[in-house]
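Read through the structure below, which is laid out as structure tokens, and then see the notes.
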2 protein chains.
Amino acid sequence: MRETESAAEARPYHHGDLRRALIDAARRILETKGPAALSLRAVAREAGVSPAAPYHHFKDKGELLDAVADEGWRILNEAMKAAGENAPSPRAAMPSLGVAYVCFAREHPALYRVMYKRSRDKEALPEHLHEGEDSAYCRTRDTLIAAGADPSDPVGLELATIAAWCAAHGLAEIGGFQQFAHLKEALGGEEAFFRGVFEHMGVFARGLND
Amino acid sequence: MRETESAAEARPYHHGDLRRALIDAARRILETKGPAALSLRAVAREAGVSPAAPYHHFKDKGELLDAVADEGWRILNEAMKAAGENAPSPRAAMPSLGVAYVCFAREHPALYRVMYKRSRDKEALPEHLHEGEDSAYCRTRDTLIAAGADPSDPVGLELATIAAWCAAHGLAEIGGFQQFAHLKEALGGEEAFFRGVFEHMGVFARGLND
DNA sequence: AACTGAATCTGGACGCCGTAAAGATACATC
DNA sequence: GATGTATCTTTACGGCGTCCAGATTCAGTT
């Protein structure tokens, strides 16, 4: 019955690529209003579509969040790839990877929260994190080898990679707390603070081991 | 109008200590049904009280969660205190602290999630974590000193303490993922896996530093 | 070009949620 | 015993995730 779709509104009944539009709308909401405002209805509203429309593209809200999270992991992957390749030396690659990880999390805090919320709900990281040379996990492992880890001890190598991941994730979640504002100021910025924590991971590790 | 409160039900109109009962009910729900089921209404239901009753004891849902989280931090504090005091030597105290931290998180995953969800929402850890000799943060710092950290470098000491906290929190959140089930099996249990990750934090740290 | 079936979107409904306001009930103090 | 205050209930509102029936459009056949 919409006879005069002459005006600029011109929303056709079929959207074209609503799935894509929904993911974009979700990311827009995440960045502007934060994770608490990310309701399925709000996403549909933002995309200019009825509250039930998303159900033709996602089984439920969780599946939409999975799609959003997946983009987050992809972006993180690329940030770490760039950090690893741009490192001045293989030696310097490891801290660069860590800082890139934490900076991604601090630059996209809402997205990062969605990524880990979904992972915790499923009690598993996305599979593709561990697959392929370019995956963040494998890059971390290979960088550890390049930095001197023993490649002939697969279990130890995996444990060290997990340790690195734990340190980065922990710092990503904790680094934003107000309690550490004075340190960021004293060290001259957030990134310097992150680097400082990573550098002092050795003090902690020595306290653990010998 | 309740003329015959003879029966065993006998719920008086005034509860007595509803605040306490609500916190307990919340923790019961957390342990049995998980964080997703923790609605204010469900808590009120579990405590046998109307949906609006909690508002006489907590400003909103967040304040109730804060109270629950606070109990969590207290329990964690005690677990770490016990771990620190029962350590066979000052040297062994550090890994014991870490394992105690992670084990607490894995034994009370829902509670742990509430604790950090509230902290992230407020972008700050609870203040009392940093106050007093018995606080978890100070205990970690002092244990680091006992394990050989330089006490005359306050910034470095703080960074190392944060590093330790990051490692523990990261492992607490990541350690439950299915991807690592094979490692737990290979190493003979979850606690051994945790210990293994902590021990290999040094490999990661060496990769970072020299 | 008209018909048909499948894909997509709307509108409305259900039960749950957090929260607020107004009224009922019990306690405390005088 | 009366009165004020703290506590609890009832009712209500808007928002949420999700389902269902119907409207609309698209794609393929003839």
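A note on names: the letters A, B, ... follow the listed sequences, proteins ahead of strands, and every chain is numbered from 1.
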**Study point:** Salt bridge present between B/Arg20 and B/Glu71 (N-O < 4.0 angstrom)
**Key:** yes
Exercise for the section: Flag the pair B/Arg106 and B/Glu190 as a salt bridge only when some basic side-chain nitrogen lies within less than 4.0 angstrom of an acidic carboxylate oxygen. Expected result: yes
Next item on the list: List the steps, then state whether salt bridge (charged side-chain N to carboxylate O under 4.0 Å, His left out) holds for B/Arg120 with A/Glu173.
Entry: CA-CA 8 Å; B/Arg120 280 187 304 243; A/Glu173 288 223 314; 2.8 Å; yes
When rounded to whole Å, the CG to C1' distance for the pair B/Leu18 and D/dT9 reads 13 Å
In 5'-to-3' order, the base (B), backbone-only (S) or no-contact (-) status of each nucleotide in nucleotides 12-21 of chain D, using a 4.0 angstrom heavy-atom cut-off, is B---BBBBB-
With sequence neighbours left out, the residues meeting salt bridge (Lys or Arg N to Asp or Glu O under 4.0 Å) with B/Asp70 are B/Arg74
| field | Basic-acidic side-chain contact under 4.0 Å: A/Glu46, A/Arg28 | value | yes
When rounded to whole Å, the CG to C1' distance for the pair A/Leu22 and C/dC9 reads 12 Å
Would you call the rings of B/Tyr137 and B/His130 parallel, tilted or perpendicular, where under 30° means parallel and over 60° means perpendicular? tilted
- Query: Distance check: side-chain N/O of A/His57 vs OP1/OP2 of C/dA7, anything under 4.0 Å?
  - Reply: no
| message | Before we go on, tell me: are the rings of B/Tyr116 and B/His169 under 6.0 Å apart, centre to centre? | response | yes
If each end axis of the helix from C/dA1-D/dT30 to C/dC30-D/dG1 is fitted on five C1' pair positions, the angle between them, to 10 degrees, is 0°
- Query: Relative to the ring of A/Phe104, is the ring of A/Tyr112 parallel (under 30°), tilted (30 to 60°) or perpendicular (over 60°)?
  - Reply: perpendicular
